[in-house]
Each structure stands twice: as C-alpha cells, then as structure tokens.
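Notes follow once the structure below has been shown.
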Amino acid sequence: MHRPSDPSSGSSPTAATPHPGLGDGPVGVRRARLGELDAGVVAIAGPGGVASFAGSGTRVSWWVGAEDRWHRPEAEPSTRDRLVEGTPVVESSVRIPSGNAIGRVAVARVGGVARPSVVFDVENSSPIPVAFAYVVESSERIELTDDGIDVDGVGRLVLTRPALGYAAAATAADLLAVLEAGSMTPDRPVWGRPGAVAVLVPLPHTAHAVATFTPGATTVDVSALADRGSVPAPERIVAGWATHLTGTPRLELDPFHRAAFLAAECDVMLGYDDAGAPTSGADVALTLGLLAEASGRIGRTDDPSALVDLLERQRANGSIAAADPVAATLQLLRACSAWWAGGADRSFCELYLGPMADAVRWLDKRKRRDAVASAIGARGALLGAAATFAELGEPDVAAAVGAAADRLGAFAPELPTAAGLLERLADGLAWTEVPADGSDSAPDVGASARFVVATTNEAVRDDGDALAILAGWDVRLAGQPFEAHDLPTRAGLLSYGLRWHGERPALLWEITPWPDRPAATAVTLTAPALDPAWSATSAVGEALLAAPAGASRIIADNAERAEAAARLLPDDPTQQPFQAFHHDNTPDAPVVPSPSDDPLPPGGSFS
C-alpha cells in the first residue's frame, strides 16, 4: 500500500511534485511501449508523442504551424504528455498562441490490413486554422508517395486527407528551417535518400487529421489505411484496452496511483520483447520472472511465454542462469506460485512442480543459506511455493519447503513498497528506472511488473498458511474506507471492503472459488496490519476488528483539519480560496499546491 510521506523526513508528498505524464507525481523520462495483445510491442512513444521503431533509426512525429512559428511538441516546454486512462494511448498537448494542438498516438488494427499500425490523430483545438506536418526521419531511404511517405524496409505512412504541401531536408533541424522560411512546395518532390521529410495538412478549428504508420517491408493495403472511417479513433482504442482490463483486479486507488497501476498492467499485458528488455542480458531472467509473476497477479494466465522462457533458463542443478542466480531462482518460485494463484490450469501448473522442487533444493543448500536469507522477499517466495505444493497434492514437499522458509527467520528482507517504487521510477508513461544522471532510457517492462506485484501484494499477501488482507495498510490511513475487487488468490477471486465505525475498522469479504477447484472453505484470512489477533476461515463474512494503535488520534486530527478547511470555504461555492494545482513543463515553473497537499496527507493508493 502506498504510504503517506513522513513530514519529519523533509520530503514532500509524491503528489506535490509536478510531472508531465499522469498528473501529479515524480518527474521522469517519458516513454511508453505501444502495441496490441496479438502483435506485442510495435513502437516506442517518447515526449511529444514521437514514435520510434526498434533497430530502424526511424522516427515519426507531428509538428504544428501556428500563427507565430512552427512548434515541435517534443521540444516545447509547454508540452504535456499523458496516457489516456492509463492505456497505451499517448496524448500530447502543446500550447500555441491561439489555444492548443493535441496529438494522440496508439497502435490498432485497421480493417483490411494484416499488420497493426501506429495511428496518429492530431486535433486543432484552437479557434483559428493551423497547419500540421507529419514528419518522418530515418537513416533509411525515404520516398514521398501520392498518399504519404514510404521508408524503405521499415514501413509506410499513409494520410487520410489530401496533403497541402511537402518539404524535405537532410536533418530535422534543416527541415524546420525550411518550414520556417515557408519554402515548402505544393508538388511532391523526388527525395529517395535518408533524411527528414514532412507532409503538410491544413486543419480548421476542431478538425482532426489522421495518419497511420504501418511497419513492415512489404506492401500494405493503402486503400484501407487512407479511409478515415476504417482507422479506429483513439476513443475506440482506449475502450478496447478497457475491455482487456475487465476481470483484472480493481482497486480503489487515488487517481494518480490508479493511472500508474493501469499503465503498468497494460504494459505487462504487452509482454516481453526487445523494446522492454534490460540493457544487460544477464538480467533477462529476472525480468521474465517478474513479468510472469505480475501476469499471475492480475489473472492473465492465457500467455505462458514469459514463464516458459524462464523455465528454459533453469540449470541442471535447479538454479536459474542469471547475474544473481539466488534472486532469479527465488523469482521462479514466485512466478510459478503466482500462476497457480492466478487461476492457471491445474495440469499446466503440475508441469512446473519438478522445476520448483529443484529450485528449492538448490536454494536450501547450507553453503548458500546466508545469501538466500538476505535476498529480498525470500521468505515469501518459499511460503508461497509451500502452499502451491500443498494444493497441488505434494504435502511432503510442501512441509520441506515450509521448513526451509522457517529457517530464514521472521526478519528476511521484504519486497519493495509500491510507494517506494513510484518515488524512484519514472512517471508511469515510462515505467523506466530513472538513471542517476537523468539521461534517457528505454521503457522497462520489468519495472511495470515490479509495480504490479508490489501493489497487489499490499492489497493481499500470500503468507503460505494465510492470506493477509491489506498487508500494506498504514495507521496514517485510519478512517479511510477502501475496496478491492477480483484479486486472484490461491483460494479464488477475493473482494473486500474496509469501513470504519469510529476508531474500529469493519471488514467485509467474499471469495469466489476458481471454477475447477474445491470451494474456498479452508483458507485462513488475516489482517495483521489492522488487527494482528484477527483471523477468519470462511469464504464470505464480515467482522468488526479491534482499533489499531494510534487510529483514534489520526481520525481526530483528520476531522479537525476537515473542519478547518470547511471554515475557509467561501459562501459562494463557485469561488475557491485556493488555486488549483497547475502543472507546467516550463523549466523552473512554480509549483502551486492544491488544498490536498497537506503536510500529513491522507495519502496512499488506498485513499
């Protein structure tokens, strides 16, 4: 669970730091993997909605010619980037003198075209006409065609409305100079070499211009791509992703953390590929394990490729070939357990019991017990594995694995918190570990997976002999309700709600058993962060828990602050005494706090 910042530490709450990705959150490199479930990752979107294609040296972007000059969104300080509803649909908005220009980029299938296309939808939301330019830069040969731009061996850009003019130059900087000088031509020039070319489209007020870039070296169906009605609108693409997210856990998160969680979920669904690979090949095993575990955590057990690839990296002695074999082998146990807890088919899960047993034997060797004991999340990995063995009909192995977990003691390092990950990750448009020097880097699907694991683990943690509800709860959240729906567990899909009766929390829960497994009657539920003495064994129930230590003071303090804020509100509800949080990418732009930026915020995802 995301905890509020400690005011004594001198650090500001996460929500008080502006960033261009998802609202109020950490500043970071802004990149997102774009794709769809069948094809996986197709392109990488960077600042300003620039789409790049791995290994091709090709970039596709949009520029806008306003009444003052040409604006390149990737270079403008006023540009704001965000993921639309947390999905891989990147929206970039740039200020121009008369208003705003907005571009949206995503991947979709266009009717009649076999391969997925990157869709560029640009909108003139200013009150006067402007010109948009679709710009392609490439180290490969570029040809201007009747309907757009062809990049030799890379792909083809196709417009859905007639072009106003053309421009070409050796570099993007030279191309900008050509456009600024008004030296574009209405006739399509012959280019036929690497460089930067632009196709200009006039756009009146509120109008949209749509283009597609379809990667691939072969001919595409231009007639379908040139038909505006055949190209899915961004709203349809967002709705499609919302359908894919149906059935995954729903957590009552604050808007920022909800958007970050959805972004990480979607990135996990896109799977593993070179565009989300770590820079070191030795880290691939850990990334695959994180991706497999995250897929199980959200109940997406339809594509076992990451887990299968991880199992193929297991050595004959049971360890995983990796830079840190202890961490990677523990990750194998977590991934396999998560798949069983995520509702995977029993016959499939039984196939990896042997590899899991081999991994445990290797980890439990006396010579490496100290290394295992100091590994992050080691105890939880072994407890989850023990429960998986027990439920899959291997009680003796389960007992041995449980004994190995007990030998680690109760103070083995735990997994990082979701709040801690947010503070050191980029903004969810990226899910990239921010380098110490602040330099750019590629999106890392392992970072997305790690955040999904941390968030779901804090909502319900598998302790082997029990499921710990709200394991990440913090007393500073006292008095705040929370709901979680459809959390995959070994017992089935867990839904619960937290309500408060004064200083005492009331918990309501229901477990829907997996269809092909026995009813969840033997599961034990606990809530150690709320009431260490409470437990229950029923699949459906409600309970009034003991008051957590310090809860009464937190609730009273929150009530006093709410009353104080109410006294400051004007009589006219349309007049607000506080300026809303204003976000600006301009360097050194002031941060204006909103009323919610309290020194001891209610905080956390579960607010």
Check [Y] with [X], please: is the shortest side-chain N to carboxylate O separation under 4.0 Å?
X	Y	value
R156	D147	yes
D444	R450	no
E143	R141	yes
R69	E76	yes

Side chains of residues 178-190: which donor-acceptor pairs under 3.5 Å do they make with residues two or more places apart or in other chains?
from: E180; atom 1: OE2; to: W70; atom 2: N; distance (Å): 3.3
from: T185; atom 1: OG1; to: D187; atom 2: N; distance (Å): 3.2
from: T185; atom 1: OG1; to: D187; atom 2: O; distance (Å): 3.4
from: R188; atom 1: NE; to: D146; atom 2: OD1; distance (Å): 3.3
from: R188; atom 1: NH1; to: L144; atom 2: O; distance (Å): 3.0
from: R188; atom 1: NH2; to: D146; atom 2: OD1; distance (Å): 2.5

For the residue pair T58 and S138, confirm or rule out a side-chain donor-acceptor distance under 3.5 Å.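 On atom types as modelled, these side chains qualify, holding a pair under 3.5 Å.
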
Which residues share a side chain to side chain donor-acceptor pair (under 3.5 Å) with T171, sequence neighbours left out: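 D174.
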
Give me each pair satisfying salt bridge (charged side-chain N to carboxylate O under 4.0 Å, His left out) with a member in [range], each pair once, sequence neighbours excluded.
range	result
residues 49-63	R59-E74, R59-E137
residues 189-202	none
residues 41-54	none
residues 37-53	none

Could you check whether the rings of W62 and F132 sit parallel, tilted or perpendicular, using 30° and 60° as the cut-offs?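 Ring orientation, 0 to 90° scale: tilted.
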
